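Here the structure comes first, spelled out in structure tokens, and everything after it is commentary.
Since the structure is predicted, the reported quantities are computational estimates derived from the model, not experimental observations. In what follows, every chain begins at residue 1, and chains take the letters A, B, ... in the order their sequences are listed.
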Protein chains: 2
Amino acid sequence: MSNCEQCIVRQFNSLKSLTKEELIRISGCKTSKTIKKGQLIFDEGENVNGVYCIREGICKLTKLSANGRDQIVKLVVKGDLMGQRSLVSEEVTNLSATALSEMEVCFIPKHEIMADLHKNSNFTFDVLQHMAKDLREADNVIVNMAQKSVRQRLAEALIYIHRTFGTTDEGMLRVILSREDYANIVGTATESVIRILSQFKKDNLITTKGKQIRIEDLEALKHVS
Amino acid sequence: MSNCEQCIVRQFNSLKSLTKEELIRISGCKTSKTIKKGQLIFDEGENVNGVYCIREGICKLTKLSANGRDQIVKLVVKGDLMGQRSLVSEEVTNLSATALSEMEVCFIPKHEIMADLHKNSNFTFDVLQHMAKDLREADNVIVNMAQKSVRQRLAEALIYIHRTFGTTDEGMLRVILSREDYANIVGTATESVIRILSQFKKDNLITTKGKQIRIEDLEALKHVS
DNA sequence: TTTAAAATATGATATTTGTCATAGTTTAAG
DNA sequence: CTTAAACTATGACAAATATCATATTTTAAA
């Protein structure tokens, strides 16, 4: 069993604000899991009962809309925490989490970390800061969804994934999503995504190779969005 | 100068978690302001440098989108706090606040309340809980914006305003917004709002009298959204 | 490696929404 | 109370997007 104290991933999230003693305790009670691509980690309406710390891999947080379509609300990667919101609000989760790649995660049970959230004010404040940042980000998403065209939103989604998750050696976007996933980020029909990507290809903004996408002209793409 | 300790409004927000001593200090340093309808309270990109506690009235929080149109991100009313996010993130605000009615607000300077946010863990946790709730609400807005039609979003906006702010004696929505404001909530053109409201009138879902709107058939309206 | 299932691609068409023009109404300032 | 400015209303048309159908390609399981 690996050790939280020496875990590099911790540096990227609020757990860095825990004391040495707290970390040792957390380390002792956490469980590590391997999650396969496509696997559901938790489902909307479930009690999450703890916090996930992502050591490796990527997953999507989705919410089912009234019309029966999933909306991807956030992509969560290595270094991120998942489940803090439900922890704080003491409610069932409003989102589902599904692995987009093979993942390595650590699960910290609620009862072990809840006390720290009340007692260690550095930790509480750090969680608070992350949440303030998420909320600001959510404002931006709301404005984009409300005011921009599907074409603009798709361009932006590509830029976001490029900026946030980077590219492979061949220049392909590291995160590989299906056209349906893109549709669920942008909030449109799968066919529309396919159509607009085809248009982007014709305009030499991107190239594709199966599901892989390479951005050829980032500036032009920024200009679209 | 009125007294925070005895202020009823406090019960509705995180300030209720302050101690008696803290409240007395806050009471001494706060300033009360009257704000006229239509007046800008703070603008996107400004340093807010404190927290507003709304004693009376309603205002809108907006963000300018790339295409030059304002998006209403949130309506803030009596009992709410404004400015906590910027306080926590120590950044300039990402939103503008504009009064939609005559308002009474108290302003608490940053340096007076910041210490409490670090020291009083009940207060910190309360702010955290509010933010978790806002974030959950933001998720819902994102899904609605992304997946629902303008017609559905407008129906939902009406229901939201009805549920949250209630009606006058004559059954009119208490919050009176221009068609343009509705357009900026829903993320559409003003003409589209006017057109869809006309349609709702024809279908006997609502009636209007100038800018005032009365919901005649809430159930049918819910069915639309 | 083969093959069925899943995903991508594209056309045809319907629907929704945006834009521009213009007219009528309401609101608020003088 | 009057009047200009702001807002609401509606038509005509254009543009964007959704839906349904079908063909092709890719992926992954056997």
Can you tell me if the side-chain N/O atoms of Ser198(B) get under 4.0 Å from OP1 or OP2 in dT10(D)?
yes
Does dA18(D) have its OP1 or OP2 closer than 4.0 Å to a side-chain nitrogen or oxygen of Ser192(A)?
yes
OP1 or OP2 of dT10(C) versus the side-chain N and O atoms of Arg195(A): is any pair under 4.0 Å?
no
Quick one: Lys148(B) NZ to dT16(C) P, roughly how many Å, whole number?
16 Å
Is the phosphate of dA9(C) approached by Arg179(A) (side-chain N or O, under 4.0 Å from OP1 or OP2)?
yes
Distance in angstrom units between Asn184(B) CG and dG18(C) P, rounded:
12 Å
For dA6(C), does either OP1 or OP2 sit under 4.0 Å from a side-chain N or O belonging to Lys211(A)?
no
Taking for each residue the nucleotide of DNA chain C bearing the nearest heavy atom, is the 5' side occupied by Glu191(B) or by Ile196(B)?
Ile196(B)
Whole-Å distance between dT8(C) P and Leu154(A) CG?
13 Å
Protein-nucleotide distance (Lys209(A), atom NZ; dT27(D), atom C1'), rounded to Å:
14 Å
With a 4.5 Å heavy-atom cut-off, do Met82(B) and Leu61(B) have their side chains touching?
yes
Spacing of Ile161(A) atom CD1 and Ile176(A) atom CD1 [to the nearest 0.5 Å]
11.0 Å
Using whole Å, what does the distance between atom P of nucleotide dA16(D) and atom CZ of Arg153(A) come to?
14 Å
Let me know, please, whether Arg151(B) or Thr190(A) comes out on the 5' side of the other along DNA chain C by nearest nucleotide.
Thr190(A)
In this structure, how many angstroms lie between the P atom of dA7(C) and the CD atom of Gln212(A), rounded?
16 Å
Base, sugar-phosphate or nothing for Lys201(B)? Non-hydrogen atoms, less than 4.0 Å.
sugar-phosphate
I'd like to check His162(A) versus Thr167(A) (side-chain heavy atoms, cut-off strictly below 4.5 Å). Are they in contact?
yes
Ring-face cation of Lys33(A) near Phe107(A) (centre distance under 6.0 Å, axis angle within 45°)
yes
If you pin Gly187(A) and Gly210(A) to their nearest nucleotides in DNA chain D, which one's is more 5'?
Gly187(A)
Can you find a side chain N or O atom of Thr188(A) that sits less than 4.0 Å from OP1 or OP2 on dA18(D)?
yes
Quickly work out the Glu180(B) CD to dT19(C) P distance and round it to whole Å.
13 Å
Shortest non-hydrogen pair, Glu112(A) vs Cys29(A), comes out as CG-SG, 3.2 Å
In whole Å, what is the span from the CD atom of Gln152(A) to the P atom of dT17(D)?
8 Å
